[in-house]
**Q** 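Sharing a structure here in structure tokens format.
Because the structure is a prediction, the values reported are computed rather than measured. Counting starts at 1 for both ligands and their atoms, following the listed order. Throughout, residue positions are numbered sequentially from 1 according to the sequence presented.
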Amino acid sequence: MSKNYHFSTKLIKETVGVDPQTGSANVPVYLSSTFHQKDFDHFGKYDYTRSGNPTREALEDAIASLEGGVRGFAFASGMAAISTAFLLLSAGDHAIVPKNVYGGTFRILTQVLGRFGIEHTFVDTTRPDAIEEAIRPNTKVIYVETPSNPTLRVTDIRAVVRLAKAHRCWTFVDNTFMTPVFQKPLEFGADLVLHSATKFISGHSDVVAGLAVAGSKAIADRLYFLQNALGAVLGVQDSWLLLRGLKTLDVRIRKSADSARRIAGFFAAQPDVRHVFYPGLPEHSGFALQAEQATSGGAVLSFELENEECARIFVNHVQLPVFAVSLGAVESILSYPPRMSHAELNEEEREKAGIGSGLLRLSVGLEDAEDLIQDFSNALGCVRTQRQVTVRGEE
Ligand SMILES: *Cc1c(COP(=O)(O)O)cnc(C)c1O
């Protein structure tokens with residue numbers, strides 16, 4: 001594939017695989033677990049779908065090209081991809097992981113990998129000095145998720161890669177929030193990029209999937225071995241759905257991110273909103289760094305109302321977003337991290353992570369930004385009037 005195409009062209013070229021046999025403009029769905037071998041001595045490229053399937057491979061090739069890596073891998077979920085990646089480590093190895101890492105990644109590290117002797121330290125990865133302090137002789141990987149969830153804190157990928165290389169360890173980046181449209185960690189020297197493709201890459205809240213892209217043949221070979229050995233591969237039909245989702249990724253995420261910036265600006269101007277977390281706003285602490293390593297603040301933002309009651313009134317009065325976990329879909333998704341994605345933290349841990357009881361996370365979809373802003377403006381109006389009623393009632 002020519003490297004000089006613009007990203008949006010590449011996206012289409014990589015996902016529209018004209019079938020040489022039939023001319024089909026789409027990659028066929030090869031629903032076959034096994035493949036006939038023509039020759040007794042020489043087996044063909046495919047033998048069994050856990051080891052390789054042409055539909056899944058089309059997806060794996062597409063994501064590898066889009067991230068600028070050497071090989072892609074499709075898994076049954078983001079967590080399947082992440083878990084398989086951590087099994088590149090062995091007993092006695094150590095991982096450095098962000099304090100505010102995705103909850104499922106936190107769980108696999110603390111409740112599963114520890115049992116197999118894989119150690120970890122949680123650090124504030126937005127501080128390179130804190131990472132450096134945590135590095136041990138047995139540190140094998142520095143794991144990064146940027147921007148973080150739900151407070152959108154930004155970690156300097158290049159600084160992490162520099163530290164990792166100096167200490168002979170890998171850098172893994174969970175690129176779910178940015179996608180290769182906005183951020184390409186392999187170009188900064190990261191070794192492995194991971195995705196919950198359930199989010200922006202699928203884009204329609206209809207598939208659970210994970211992707212990984214290796215930056216070198218050495219890591220690709222080891223990850224392929226594990227993908228086949230552990231077997232948490234993505235199903236064939238879901239692989240096809242992801243190829244379909246990918247085709248519109250560029251237009252979807254750009255429109256959503258453009259709306260997110262406007263909506264973040266709207267919230268920032270509201271007196272009832274205590275704080276807005278969005279790395280595309282100049283007031284955000286990670287704004288400059290985000291602009292250096294990514295081309296957008298993305299399509300996810302969080303905002304903090306006074307308390308849980310205000311968040312509840314707000315959620316009860318919005319008309320447009322669905323109120324749900326997950327993100328990265330055509331429909332806007334509003335979630336309440338203290339009870340949803342971060343329910344496993346206790347109140348003190350949530351406070352420390354900056355997740356106040358009035359915090360709401362918004363993944364902006366493809367609705368018109370003006371309609372969304374109007375909807376949020378109405379809901380904030382309801383918060384004001386209903387709060388006045390209860391405050392007066394308490395007096
Ligand atoms: C959702 C998510 C995951 C986990 O992916 P699943 O597809 O749900 O298994 C990992 N990392 C991030 C940042 C996510 O948002």
Side-chain angles (χ1 to χ4, degrees), residues 59 63 67 72-87 95 97-113 122 125-126 141 143-155 157 172-183 185 190 192-213 227 230 232-235 238-239 241-242 245-246 249 253 256 260 277 279 294 297-302 322 324-329 333-337 340-344 353 355 361-365:
L59 167 68
I63 193 66
E67 286 282 6
F73 303 90
F75 292 92
S77 67
M79 281 321 304
I82 292 166
S83 306
T84 305
F86 270 115
L87 291 176
V97 183
K99 261 199 229 160
N100 40 18
V101 73
Y102 176 76
T105 310
F106 177 88
R107 183 166 49 209
I108 187 104
L109 282 158
T110 54
Q111 297 192 47
V112 182
L113 297 173
F122 293 114
T125 53
T126 66
V141 63
Y143 187 95
V144 171
E145 199 181 302
T146 181
S148 71
N149 180 25
T151 53
L152 289 304
R153 302 191 63 204
V154 183
T155 290
I157 301 172
F172 293 177
V173 180
D174 181 334
N175 206 25
T176 301
F177 272 48
M178 287 286 102
T179 81
V181 173
F182 292 147
Q183 180 169 277
L192 189 69
V193 167
L194 295 152
H195 283 282
S196 169
T198 311
K199 317 293 167 56
F200 291 102
I201 289 177
S202 146
H204 296 73
S205 297
D206 51 7
V207 181
V208 171
L211 293 170
V213 181
Q227 182 195 34
L230 297 166
V233 293
L234 186 62
D238 286 348
S239 295
L241 278 170
L242 278 202
L246 261 180
L249 172 65
I253 199 168
S256 289
F277 302 89
V300 180
L301 60 104
S302 294
V322 298
V325 296
S326 201
L327 56 101
I333 301 176
L334 187 64
S335 72
Y336 183 57
M340 291 176 161
S341 51
H342 293 70
E344 285 187 37
I355 304 167
R361 188 189 73 194
L362 177 69
S363 164
V364 180

**Q** So is Ile82 in contact with ligand 1, going by heavy-atom distances below 4.0 Å?
**A**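 Contact check Ile82 vs ligand 1: positive.
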
**Q** I'd like to check Arg361 versus Leu327 (side-chain heavy atoms, cut-off strictly below 4.5 Å). Are they in contact?
**A**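 A side-chain contact exists here, since the closest heavy-atom pair is under 4.5 Å.
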
**Q** Report the nearest protein non-hydrogen atom to atom 8 (O) of ligand 1: residue, atom name, distance rounded to 0.1 Å.
**A**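 It is Tyr102 OH, 3.9 Å.
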
**Q** Mind listing the closest non-hydrogen atom pair of Val364 and Ser256 along with its distance?
**A**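 So the two residues come closest at O-OG, 3.0 Å.
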
**Q** Specify the protein heavy atom at minimum distance from atom 2 (C) of ligand 1: its residue, its atom name, and the distance to 0.1 Å.
**A**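 Among all protein heavy atoms, the one nearest atom 2 (C) of ligand 1 is Lys199 NZ, 2.5 Å.
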
**Q** Verify whether one side chain among Asn175 and Glu67 offers a donor that lies under 3.5 Å from an acceptor in the other.
**A**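 Looking only at side-chain atoms, Glu67 and Asn175 do form a donor-acceptor pair, the distance falling under 3.5 Å.
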
**Q** Return yes or no for this condition: an N or O of Gly78 is under 3.5 Å from an N or O of ligand 1.
**A**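 By distance alone, the answer is yes.
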
**Q** Tell me whether the rings of Tyr143 and Phe86 are parallel (<30°), tilted (30 to 60°) or perpendicular (>60°).
**A**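 The rings of Tyr143 and Phe86 lie parallel, inter-plane angle below 30°.
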
**Q** Has Asp174 got any heavy atom lying under 4.0 angstrom from an atom of ligand 1?
**A**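 Per 4.0 Å heavy-atom rule, Asp174 contacts ligand 1.
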
**Q** Enter the distance from Ile82:CD1 to Leu194:CG here, rounded to the nearest 0.5 Å.
**A**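 Those atoms lie 5.5 Å apart.
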
**Q** Return the residue, atom name and 0.1 Å-rounded distance of the protein heavy atom closest to atom 7 (O) of ligand 1.
**A**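 Atom 7 (O) of ligand 1 sits closest to the protein heavy atom Thr198 OG1, 2.6 Å.
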
**Q** Can you tell me the protein heavy atom closest to atom 9 (O) of ligand 1 and the distance?
**A**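 Going atom by atom, the protein heavy atom closest to atom 9 (O) of ligand 1 ends up being Met79 N, 2.8 Å.
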
**Q** With a 4.5 Å cut-off on side-chain heavy atoms, are Thr110 and Phe122 touching?
**A**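 Answer yes - side chains close enough.
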
**Q** Looking at Glu145, which atoms of ligand 1 are within less than 4.0 Å of one of its heavy atoms?
**A**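 Once the distances to Glu145 are compared, the set is 13 (C).
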
**Q** For ligand 1, which atoms sit closer than 4.0 Å to a heavy atom of Ser77?
**A**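 Those of ligand 1 that fall under 4.0 Å from Ser77 are 7 (O), 9 (O).
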
**Q** Considering the options Leu242, Leu211, Val213, which one meets the side chain to side chain contact (heavy atoms under 4.5 Å, CB included) requirement together with His195?
**A**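 The residue from Leu242, Leu211, Val213 that satisfies side chain to side chain contact (heavy atoms under 4.5 Å, CB included) with His195 turns out to be Leu211.
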
**Q** Run the contact test for Ala209 against ligand 1 with a 4.0 Å cut-off on heavy atoms, strictly below, and give the result.
**A**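 Contact present.
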
